[in-house]
Amino acid sequence: MNPTTVAWRAGWSRGLIELRQSLTNAGDLVNHFFWPSLMLITTFFLRDVSFGQSGFSLGTLVMPSILGMNAAMSMMTMSQQLTADREDGTLLRAKATPNGMVGYLLGKIVSVSGGLLVHLAIFLIPGMFLVSGLAIGDPGSWLTLSWVLALGLVATLPIGAVLGSAFVSARSQGLLTLPILGMIAISGIFYPLTVLPEWVQWIAQAFPIYWLGLGMRSALLPDSAVTVEIGESWRHLETIGVLGAWAVLGLLLAPIVLRRMARRESGSSVAERREKALQRIG
Amino acid sequence: MPGAEIPVSEEPADPSAAVARTPGREGVMRFGRVQPREKALHHPNHMKGETMATSEVVLDVDGLRMRYGTTDVLREVNFRAHHGEVLCLLGPNGAGKTTSIEIMEGFRLRSAGRVEVLGTDPAHADEHWRARVGIVLQSWRDHGKWRVRELLEHLGLYYTAYSTQSIKRPWNADQLVAAVGLTEQADKKVRMLSGGQRRRLDVAIGLVGRPELVFLDEPTAGLDPVARRGFHELVEGLAAAGETTILLTTHDLNEAEKLADRILVLDGGQIIADGTAAELARQIAGQDEVRWTRDGQSFRQSTTESTRLAFDLFKQYGEEIENLEVTRASLEDTYLSLVHQAESR
């Protein structure tokens, strides 16, 4: 068999193994359930708060937005896992294996995407019973949800990999948290963007979080909810445009940055990081 | 030559030395040390090395230089390794052992010189070359959630495309687990393993693709004596099969002496010695010390021909010779004097 085919298969099975590990491990399971549960509680309290004259409860509007936010957050997961794997030598092992990097990356994409699907399900399934007014009976909704999700992953995972290569240690990853939280705050996830000043709206629209939220709302909310959005439109073309641009940027940058990062990996660089990490603990 | 104690000119030993000596115990210990070398002479690799003068060159390093800024870490490194050899790279901290090994692994770009590993320049090697080379990395906490057999099976997958008629890749995970003595831990998670078990797993990972050449950088650092012994047996077993060329670095001179067919001493960015432990000892410290008693008197003599001397003694005096003791110049003496010479140059 062709070595690349072999590596793709190995990567696929690597992703499934990692996914299974994270679903059968107490620590990871707590992680999987923690955020979706928190978000469910938030939604629960917002279910009876009505938003202006729209006739929709804030809970109904927030629910799909949170799905979009979670999808965008897979960028962070990717970034964190890549940094951690570089720090502890997982990546070096991949480098020492023929076509191991291909397998490693594919495995990461499979496990992060799979993990995301689990997160979405944990949130969405109980959520559908919590709030009313979602357009979940229409197959078209699920079709839109699927393509938005798929495009969102292509837009965010490569960028996540680029970010992951830029950080040296899992600790410095923490630096990302603050800007990301700020981004969520202005991205119309918990409150419609139209109530914010126009310049903030422009910043928000440059990043994928807003568009993933919008896309999810377009999928799961009835058409009458569109009045809440900018220009009173679901703007599917713009969604494809912005997410597509992020995808192209990520797919162009990621191979270059990843290759550069991998080239610098060696036994001594991992040993150096281990020394540093142990010093911090001790 | 009646009466004369020639061909060996012997001198009566220093009486104080004779008193301080405990021949029985020390003797046993010394000969104990010699044993591995004796065994090594009947080692299949040696036999092959002797019968096949032109065996395949697996590692060929010529004029290797590595410069960081204005500092030369490696100035002029030259050596070769032949198929099936066990090579040990010794040297003080900062001598450039790790740098050298990483250049050969293809993980670091050299500044100058020629390096050929399995006939290919590692700086431009492809994944097919990668499949023929095994690297034993020191694990830390990577793949902690993976189970031992599961990880080996997974990593083995990548090698299936590089299986050949003569070398079937990868190594069967169960057999490999058994070969490194981890059968009982096969279904354990990697993070549950002890330090020694983890190191065995590191070796197993390095071997899973049935490499023709294996690199081990300080494989026994931080291991307890039991784990270290286990590791030595593992490498000896691998070497005995004669299929794999092994290059390892270490600080442990006993380890080098025990495992290596040939020892390279790297210091100041150069190979300052290259040979078997015995050759190095002879080359540098030069002489073995032979002690014996005859007629209740102690004698001591330094010679490069200790076996010859003993033979002559018995031939001349027969049973009168007692407490014969041959002390080879130890590798430690040799090593220290080598490094000292190199650094005072």
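Values below: every heavy atom of this structure, side chains too, minus hydrogens, waters and symmetry copies. Lettering follows sequence order; numbering is per chain, from 1.
The contact between Leu92(A) and chain B is made by backbone and side chain atoms together, counting heavy-atom distances below 4.5 Å. The part of Glu150(B) that comes within reach of chain A is its side chain, from C-beta onward, which places non-hydrogen atoms under 4.5 angstrom from that chain. Both the backbone and the side chain of Trp146(B) come within contact range of chain A, with heavy atoms under 4.5 Å apart. Only the side chain of Ile205(B) comes within contact range of chain A, with at least one heavy atom under 4.5 Å from a heavy atom of that chain. Only the side chain of Arg20(A) has a heavy atom closer than 4.5 Å to any heavy atom of chain B.
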From CA spacing to verdict: side chain to side chain contact (heavy atoms under 4.5 Å, CB included), Met101(A), Glu127(B) | CA-CA 11 Å; Met101(A) 284 304 248; Glu127(B) 299 298 304; over 6 Å; no

Take Arg263(A) and Phe107(B) through the side chain to side chain contact (heavy atoms under 4.5 Å, CB included) test and state the conclusion after the steps.
-> CA-CA 7 Å; Arg263(A) 208 167 29 227; Phe107(B) 286 174; over 6 Å; no

Check step by step if side chain to side chain contact (heavy atoms under 4.5 Å, CB included) holds for Lys145(B) and Asp28(A).
-> CA-CA 11 Å; Lys145(B) 289 177 199 161; Asp28(A) 284 8; 2.6 Å; yes

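A donor-acceptor pair is defined here as one N or O able to donate and one able to accept, closer than 3.5 Å; such a pair exists between the side chain of Glu102(B) and the backbone of Gly267(A).
Note that the CZ atom of Arg274(A) and the CZ atom of Arg141(B) stand 10.5 Å from one another [nearest 0.5 Å]. Note: Arg93(A) CZ to Leu155(B) CG = 7.5 Å, rounded to the nearest 0.5 Å. Put simply, CG on Leu157(B) and CZ on Arg14(A) are 11.0 Å apart, with the number rounded to the nearest 0.5 Å. The CD1 atom of Ile101(B) sits 11.0 Å away from the OG atom of Ser268(A) when rounded to the nearest 0.5 Å.
Among all heavy-atom pairs drawn from Asn2(A) and Ala161(B), the shortest one is C-CB, 4.4 Å. Minimum heavy-atom separation, Asp142(B) to Gly89(A): CB-C, 4.1 Å. Between Tyr158(B) and Gly11(A) the shortest heavy-atom distance is OH-N, 4.3 Å. Across all non-hydrogen atoms, the minimal contact from Arg130(B) to Lys95(A) is NE-O, 3.4 Å.
Inspection of the Tyr159(B) and Asn99(A) side chains reveals no N or O donor paired with an N or O acceptor under 3.5 Å.
Annotation: maximal heavy-atom pairing with chain B below 4.5 Å, among Thr90(A), Thr5(A), Val270(A), Val102(A), occurs at Thr90(A).
Counting non-hydrogen atoms of other residues, nucleotides and ligands closer than 6.0 Å to CZ of Arg114(B) gives a total above 12. Counting non-hydrogen atoms of other residues, nucleotides and ligands closer than 6.0 Å to CH2 of Trp8(A) gives a total of 12 or fewer. Environment of CZ in Phe33(A): sparse, with no more than 12 heavy atoms of neighbouring residues, nucleotides or ligands closer than 6.0 Å. In the displayed structure, Leu178(A) atom CG is contacted under 6.0 Å by at most 12 heavy atoms of other residues, nucleotides or ligands.
The side-chain heavy atoms of Ser13(A) and His154(B), taken from C-beta on, include a pair separated by under 4.5 Å.
Comment: Glu265(A) does not engage Arg108(B) in a salt bridge, judged by the lack of any side-chain N to carboxylate O separation of less than 4.0 angstrom.
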